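Worth saying up front: this structure is predicted, and the values here are computed from it rather than measured. Letters A, B, ... are given to chains in the order of the sequence lines, protein chains preceding strands, and every chain is numbered from 1.
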Amino acid sequence: MAELFHRKIERTAIGFVLAIIAAASVGGIIEIAPLFTIDETVEEAPDMRPYTPLELAGRNVYMREGCYACHSQMIRTLRDDVDRYGPYSLAVESRYDHPMLWGSKRTGPDLARIGGKYSDIWHVAHLTNPRDVVPQSNMPSYPWLARTSLRTEDLGLHLKAQQQIGVPYTDEMIANAARDALGQALPDSDYAAGVQERYGDKAQISAFDGVTTELTEMDALVAYLQVLGTLTDAAYENTVAPEEAPDAEDLAAGSATTSGGR
Amino acid sequence: MMVSQLTRGEREVSILIAAAVALCGLALAIAGRNDPLGVHGAFVLVGGVALIAFLLSRLDSPEPDVSLRPSEYYDDPIKVGIALSMLWAVFGMFVGVWVAAELAWPFLNFDTAWLSFGRLRPAHTTGVIFGFGGNALIATSFHVVQRTSRARLAGQVSPWFVLLGYNLFCFIAVSGYLMGLTQSKEYAEPEWYADLWLVVVWVTYFVLYLRTIARRKEPHIYVANWYFMAFIVVVAILHIVNNLAIPVSLGHAWSYPIWSGVQDAMVQWWYGHNAVAFFLTAGFLGMMYYYLPKRAERPIFSYRLSILSFWGITFFYMWAGSHHLHYTALPHWVQTLGMTFSIMLLVPSWASAGNAILTLNGAWHKVRDDATLRFMFVAAVFYGLSTFEGSFLAIRPVNSLSHYTDWTVGHVHAGALGWVALITFGSIYTLVPSLWKRERMYSAALVEVHFWLALIGTLIYVFAMWNSGIVQGLMWRTYTESGTLAYSFLDSLVAMYPYYIARTLGGFLFLLGAIVGCYNIWMTVRASPAAAETAPKDLPDARWAEGTATTPAE
């Protein structure tokens, strides 16, 4: 019977294509659409702020250099992940991330909470030549970042684009984007005050790469790394204990069971 | 060769299309003059103008006899597609060996932006998946759809547009990564203008394919074409949804995807896993369902298994993507659905692997003697192994160990080298002699050499990554008696170096095999054609001598 039916649809190309579309659409619709409608999918975090223009520019450098190929930004709900990297990641922490940079491979460690763990100067030394500070590292060196000045004149357009897709940048933030990028890396300048005015007291003002005469891509990348995991405190509040990793022996015996999420 | 089968009118249409492309390039070059976008615009402009010049120089060369067309297949684009596929194979695999070596010996990054791992890695994945794999799929699909429908391709210019347009996309993609242009969505890195261009190319491909099938002289659509259709249709859906983005401005190459955070993660891995399903599986199953029975001269073992497998793969795979996000901030119910469907996927996957292997029953002596058929047999075995491994890794507790480690990389390469590349080489070695009307490949011994280099290379690669991945995963989760983590991250990295060196060696052997294959193909093409009377008839009208080989057993 089923075979007879199939004999029929095999005779019509359009019918066959429609059947393929129907069969292939179900999974995506059922798994993706509810993520936009079920409220619990993304937690509430009133203190969550978007990236400053400098941090956003740094994020773009991070993407451009392909950092995501070796570094995840997603701490799993597993005990050893939490012990090593900090509280597991919440969905709300990447809600303004277009695109998300959760990653899929850890050739290097997770960076979801790297912000504040090392000094600016450590990051600059490490990015310039990782083996100067971690002799066994296999990470590439990025000496050109400190030599390349940051393109700031179009940062307003970047923020504007993000605003159009739902990131809560105000028109004032967009108008001041280039100035704020400069101010965040020049603590003594007139522009510095505006950054905290617009992005909150916790926005870090620092001469990230140690040089205040020029705004470089190094400034931007370090500013971005230093903000990772600090945009909201939500992950440190009211979260459930992480899961134990399943025992290797249980795994081998095929009897491992999941403990039911968070 | 490219224009000899086109009439003067068709050459003029081609010139108009090339001019339109060149104008797009000019527009991008002007709008993006202060941005890397301008560089790409200039590339497109130069390419378009060069194509116009080439076509103009041949505008008045002799025209083909149009009346012969219905009785002949259109194979020129296939020949060029095979050549491009092999060139991309060597490029993509070379970059793969290079980035593997960079992980073992980081000085190979040479402190140079375009040579650094992060920029070269997508050049490797795009080069092999889309350059090598995509060109092979386009070429073989053009071949299979004509032979199984006994009809000529439904277009003279459009096959060239699809093939060359697709390669323009690949070129823009790879050159973009080296300049630092990427959406950073894995396997969907190209920026918005490249994505838009691919949509135009892909829709043309779809229409061409469907119109060719509509011309078929067989009432039924052959199994291989089901898979090629699924490949074309579903890749279009995945590509469009995952790449929705708004550019910073029309003068910027950079863009921001409209999806963010957890929804973006789900869309990305719905795309990512189904790029595996419909690009790297469905398309290559289409290849397998034609070239394996053809080479073995045996009918497909079971028509019912073909149906079961096809619809199982088309339906189940689309649910499986969330297994890339176990234990993350993705809601638990989606993770569970992804795991469940990933396990169920084993049934249709093994139905196809089993169907392929059982088709060889009665032809085992050929598998022993003919390295080309052995390529396809081993590919089917690797397909079975890596789909089993895939279902296994999708189980949440197993994934807690394997995720983020080299085990995933090993799994991908068991599929990519063992399945995708081997079935492609087997198909190409079957296709090349018949396409160029040669009796056989230039050297059977070199096919044999290629086979062993590829197999040994794959095994070294996969074993190295299994070891490194499991060691890494275990070190990350090992606690001391006092309840603290036993190893720093750095300890686990240091333990990886021997495996990274072994992996480089495995990849190098595989690359060497591909280079041997290129030489063998080149020499076959250069050889003199087989005598007319010994060449098998390969025409739409002739009742096809080996037709039985591809008709499923009832």
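Ion pairing between E55(A) and R49(A) holds under the 4.0 Å rule for side-chain N and carboxylate O. Salt-bridge formation is not detected for the pair R76(A)/D110(A): no Lys NZ or Arg NE/NH1/NH2 atom is positioned less than 4.0 Å from an Asp or Glu carboxylate oxygen.
Counting heavy atoms from C-beta outward, S104(A) and W269(B) have side chains that approach closer than 4.5 Å. Side-chain contact between R304(B) and I307(B) is absent, with no heavy atoms from C-beta onward closer than 4.5 Å. With a 4.5 Å cut-off on side-chain heavy atoms, W254(B) and E191(B) count as touching. Side-chain atoms of S255(B) and Q183(B), non-hydrogen and from C-beta on, do get closer than 4.5 Å to each other.
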Given W476(B) and F489(B), is the ring pair (Phe, Tyr, Trp, His ring centres under 6.0 Å) satisfied, shown in steps? CA-CA 7 Å; W476(B) 289 348; F489(B) 187 90; 5.7 Å; yes
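Of the listed residues (S116(B), P106(B), S184(B)), the greatest number of heavy-atom pairs within a distance under 4.5 Å of chain A belongs to S184(B). Heavy-atom pairs under 4.5 Å with chain A were tallied for F107(B), F315(B), Y256(B); the largest tally goes to Y256(B). Between chain B and the residues M139(A), Q164(A), R84(A), M74(A), the most heavy-atom pairs under 4.5 angstrom are made by R84(A). Considering only heavy-atom pairs separated by less than 4.5 Å from chain B, the leading option among I9(A), L157(A), L159(A) is L157(A). Top candidate by heavy-atom pairs under 4.5 Å with chain B, chosen from K8(A), M63(A), E31(A), is E31(A). Listed options D83(A), T12(A), I20(A) were ranked by heavy-atom pairs under 4.5 angstrom with chain B; first place goes to I20(A). With chain A as partner, the option from L337(B), V233(B), T484(B), I213(B) having the largest number of non-hydrogen pairs under 4.5 angstrom is L337(B). Highest contact tally toward chain A, considering only M318(B), H220(B), M266(B), is held by H220(B) [criterion: heavy-atom pairs under 4.5 Å]. Considering only heavy-atom pairs separated by less than 4.5 Å from chain B, the leading option among P109(A), A13(A), A161(A), S141(A) is P109(A). Of the listed residues D154(A), I21(A), V42(A), the one with more heavy-atom pairs under 4.5 angstrom with chain B than any other is D154(A). Counting heavy-atom pairs closer than 4.5 Å to chain A, the top residue among R216(B), E189(B), M496(B) is R216(B). Between chain A and the options D406(B), T182(B), L103(B), D111(B), heavy-atom pairs under 4.5 Å are most frequent for D111(B).
In this structure, the portion of W270(B) lying under 4.5 Å from any heavy atom of chain A is its side chain and not its backbone. Looking at F110(B), there are no atoms closer than 4.5 Å to chain A (heavy atoms on both sides), in backbone or side chain. For D264(B), the parts sitting under 4.5 Å from any heavy atom of chain A are the backbone and the side chain alike. Only the side chain of R121(B) comes within less than 4.5 Å of a heavy atom of chain A; its backbone N, CA, C and O stay farther away. T107(A) touches chain B through backbone and side chain together, each having a heavy atom under 4.5 Å away. Contacts of L325(B) with chain A are made by side-chain atoms alone, with heavy-atom separations under 4.5 Å and no backbone atom involved. Contact annotation for T112(B): only backbone heavy atoms (N, CA, C, O) come within less than 4.5 Å of a heavy atom of chain A. Contacts between H252(B) and chain A at a heavy-atom distance below 4.5 Å involve the side chain alone, from C-beta outward. If you measure heavy-atom distances from D35(B) to chain A, the contacts under 4.5 Å come from both the backbone and the side chain. Of the atoms belonging to L145(A), not a single heavy atom falls under 4.5 Å from chain B. Neither the backbone nor the side chain of Y271(B) comes within less than 4.5 Å of any heavy atom of chain A. Residue V26(A) touches chain B through both its backbone and its side chain, counting heavy-atom pairs closer than 4.5 Å. Contact of A19(A) with chain B is made through backbone and side chain together, with heavy-atom distances under 4.5 Å. Using a 4.5 Å cut-off between heavy atoms, S488(B) touches chain A through its backbone atoms (N, CA, C, O) alone. If you measure heavy-atom distances from V134(A) to chain B, the contacts under 4.5 Å come from the side chain alone. Contact annotation for N129(A): neither backbone nor side-chain heavy atoms come within less than 4.5 Å of a heavy atom of chain B. Heavy atoms of C70(A) lying under 4.5 Å from chain B belong exclusively to its side chain. Proximity to chain A (any heavy atom under 4.5 Å) is restricted, for Y500(B), to the side chain, taken from C-beta onward. Heavy-atom distances place both the backbone and the side chain of P99(A) under 4.5 Å from chain B. Heavy atoms closer than 4.5 Å to chain A are found nowhere in A214(B), neither backbone nor side chain. If you measure heavy-atom distances from V409(B) to chain A, the contacts under 4.5 Å come from the side chain alone. L18(A) does not touch chain B: none of its heavy atoms, backbone or side chain, sits under 4.5 Å away. Proximity to chain A (any heavy atom under 4.5 Å) is shown, for T314(B), by both the backbone and the side chain.
Side chain to side chain, S492(B) and R106(A) fail the donor-acceptor criterion of an N or O pair below 3.5 Å. Checked by atom type, the side-chain pair Y224(A)/N60(A) shows no donor-acceptor distance below 3.5 Å.
A pairwise comparison of heavy atoms in A181(A) and T152(A) identifies CB-CG2, 4.2 Å as the closest pair. Between Y497(B) and A104(B) the shortest heavy-atom distance is CE2-O, 3.4 Å.
Cation-pi check for R7(A) over Y303(B) is met; the charged atom lies under 6.0 angstrom from the ring centroid and within 45 degrees of its normal. For R79(A) and Y479(B), the positive end sits near the middle of the six-membered ring, less than 6.0 Å away and at most 45° from its axis.
For W105(B) and F117(B), the ring centers are positioned 6.0 Å apart or more. Aromatic ring centres of F341(B) and H323(B): separated by at least 6.0 Å.
Rounding to the nearest 0.5 angstrom, the gap separating the OH atom in Y51(A) from the NE2 atom in H98(A) is 10.5 Å. Here the CH2 atom belonging to W102(A) is positioned 13.5 Å from the NE2 atom belonging to H324(B), to the nearest 0.5 angstrom. To the nearest 0.5 Å, the span separating CZ on R64(A) from CE on M179(B) amounts to 12.0 Å.
When the options W226(B), Y222(B), F278(B) are evaluated for a ring pair (Phe, Tyr, Trp, His ring centres under 6.0 Å) with F310(B), the one that passes is W226(B).
Using a distance-only test at 3.5 Å, with no hydrogens or angles considered, no donor-acceptor pair links the side chain of R396(B) to the main chain of M339(B).
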